[in-house]
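Take a look at the structure set out below.
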Amino acid sequence: NAGVMQNPRHLVRRRGQEARLRCSPMKGHSHVYWYRQLPEEGLKFMVYLQKENIIDESGMPKERFSAEFPKEGPSILRIQQVVRGDSAAYFCASSLTTRTEAFFGQGTRLTVV
Amino acid sequence: EDQVTQSPEALRLQEGESSSLNCSYTVSGLRGLFWYRQDPGKGPEFLFTLYSAGEEKEKERLKATLTKKESFLHITAPKPEDSATYLCAVPTSYDKVIFGPGTSLSVIP
């Protein structure tokens, strides 16, 4: 049973380009969370999704950022027109229910040059 | 406002020197509390789930306990390989999971 898979592990984008981060949850998990982590800082909640629905996006910037979790396929975090301040590690986690532990992927490290 | 805090921010122990990490939370209606370990450059690794005050969980040198307002992660006779950042997290009433800032633990041989 594979764990949470994120790809790519490392992503370099020039300012103004788009970044697409993918997350395949653990088998059977329908709850997905995205977090951002800056160097030497904690995990900051961005968005919580269930299949085809955004449940809570209160931690996600209102502009340039979007997330989806389609019926088929991975969850996608999209960042349009990236800026240097978007450089960070982005982690995805999935859980079986809202009250059970979430399991994390290894993260995508985005560098904006 | 739902909030999770952890103390100390950093902890440096000699190998074999036991200690405790603290996680305090303010959420309406606790739905559980999770402990994770994060190594540099990696995603957090799940350790424990606690659901009710008085509950305890153990794994090797680690023991997690829960009260109505806080949780402790006790580390008994730590080894250098226990060095990591330890995170606690709680689901809020809206089911999003929020994390504390973590405690960075260094165990010196």
Side-chain angles (χ1 to χ4, degrees), chain A residues 1-7 9-10 21 23-26 29-50 53-60 67 69 88-111, chain B residues 1-10 21 23-25 27-52 55 57 59 64 66 71 73 84-106:
Chain A
N1 185 15
V4 177
M5 304 299 292
Q6 288 189 250
N7 66 82
R9 290 293 306 277
H10 300 274
L21 288 60
C23 169
S24 295
M26 287 182 69
H29 286 194
S30 60
H31 302 263
V32 167
Y33 307 84
W34 285 93
Y35 295 86
R36 178 162 67 176
Q37 189 171 41
L38 295 168
E40 308 302 321
E41 293 191 13
L43 287 161
K44 300 300 182 189
F45 169 82
M46 296 184 73
V47 62
Y48 162 42
L49 310 104
Q50 294 181 26
N53 290 303
I54 297 174
I55 307 301
D56 185 335
E57 56 183 347
S58 60
M60 200 155 66
F69 187 16
Y90 292 83
F91 290 98
C92 165
S94 73
S95 66
L96 191 60
T97 73
T98 58
R99 291 199 62 195
T100 54
E101 58 276 4
F103 294 90
F104 281 80
Q106 290 302 302
T108 293
R109 277 146 191 84
L110 172 66
T111 302
Chain B
E1 182 187 351
D2 297 325
Q3 196 170 15
V4 179
T5 58
Q6 291 186 247
S7 62
E9 185 176 320
L21 314 182
C23 170
S24 298
Y25 55 88
V27 295
S28 51
L30 183 67
R31 289 167 172 71
L33 184 142
F34 311 121
W35 279 100
Y36 291 84
R37 166 193 172 129
Q38 186 175 26
D39 293 293
K42 295 190 174 182
E45 175 190 346
F46 170 72
L47 293 173
F48 303 110
T49 302
L50 301 166
Y51 283 113
S52 55
E55 189 174 357
K57 293 273 180 74
K59 180 180 180 180
L66 182 65
S71 177
L73 185 65
T85 296
Y86 290 85
L87 303 162
C88 71
V90 295
T92 69
S93 53
Y94 298 99
D95 289 328
K96 74 181 185 187
V97 179
I98 57 174
F99 280 78
T103 293
S104 177
L105 173 67
S106 299

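We name chains A, B, ... by the order of the sequence lines, and we start the count at 1 in each one.
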Give, for atom OH of A:Tyr33 and atom CG of A:Leu49, the distance between the pair rounded to the nearest 0.5 Å.
->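 One gets 10.0 Å once the value is rounded to the nearest 0.5 Å.
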Which atoms of B:Gln6 approach chain A - backbone, side chain, both or neither, heavy atom under 4.5 Å |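 Neither part.
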Does any heavy atom of chain A fall under 4.5 Å from the side chain of B:Pro44, the backbone, both, or neither of them?
->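 It is both, since atoms from each part get that close.
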Donor-acceptor side-chain pairing of B:Thr49 and A:Glu101 below 3.5 angstrom =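 B:Thr49 vs A:Glu101: donor-acceptor pair found between side chains.
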Are a donor atom and an acceptor atom from the side chains of A:Ser58 and B:Lys96 found within less than 3.5 Å of each other?
->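 B:Lys96 and A:Ser58 do have a side-chain donor-acceptor pair below 3.5 Å.
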Does atom NZ of B:Lys57 have more than 12 heavy-atom neighbours, drawn from other residues, nucleotides or ligands, at distances under 6.0 Å?
->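 Counting neighbours around NZ of B:Lys57, more than 12 heavy atoms of other residues, nucleotides or ligands fall under 6.0 Å, so yes.
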With only heavy atoms counted, which part of A:Gln6 is less than 4.5 Å from chain B, the side chain, the backbone, both or neither?
->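 A:Gln6 has no heavy atom closer than 4.5 Å to chain B.
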Go through the atoms of A:Ala102 and report whether side chain, backbone, both or neither lie under 4.5 Å from a heavy atom of chain B.
->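 Contact with chain B is through both the backbone and side chain of A:Ala102.
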Out of A:Glu41, A:Gln37, A:His31, A:Lys44, which one racks up the most heavy-atom pairs below 4.5 Å with chain B?
->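 Top count of heavy-atom pairs under 4.5 Å with chain B: A:Gln37.
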Excluding sequence neighbours, so at least two apart, what forms ring pair (Phe, Tyr, Trp, His ring centres under 6.0 Å) with B:Phe99?
->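 If we apply the ring pair (Phe, Tyr, Trp, His ring centres under 6.0 Å) test to B:Phe99, skipping adjacent residues, the hits are A:Tyr35, A:Phe104, B:Tyr36.
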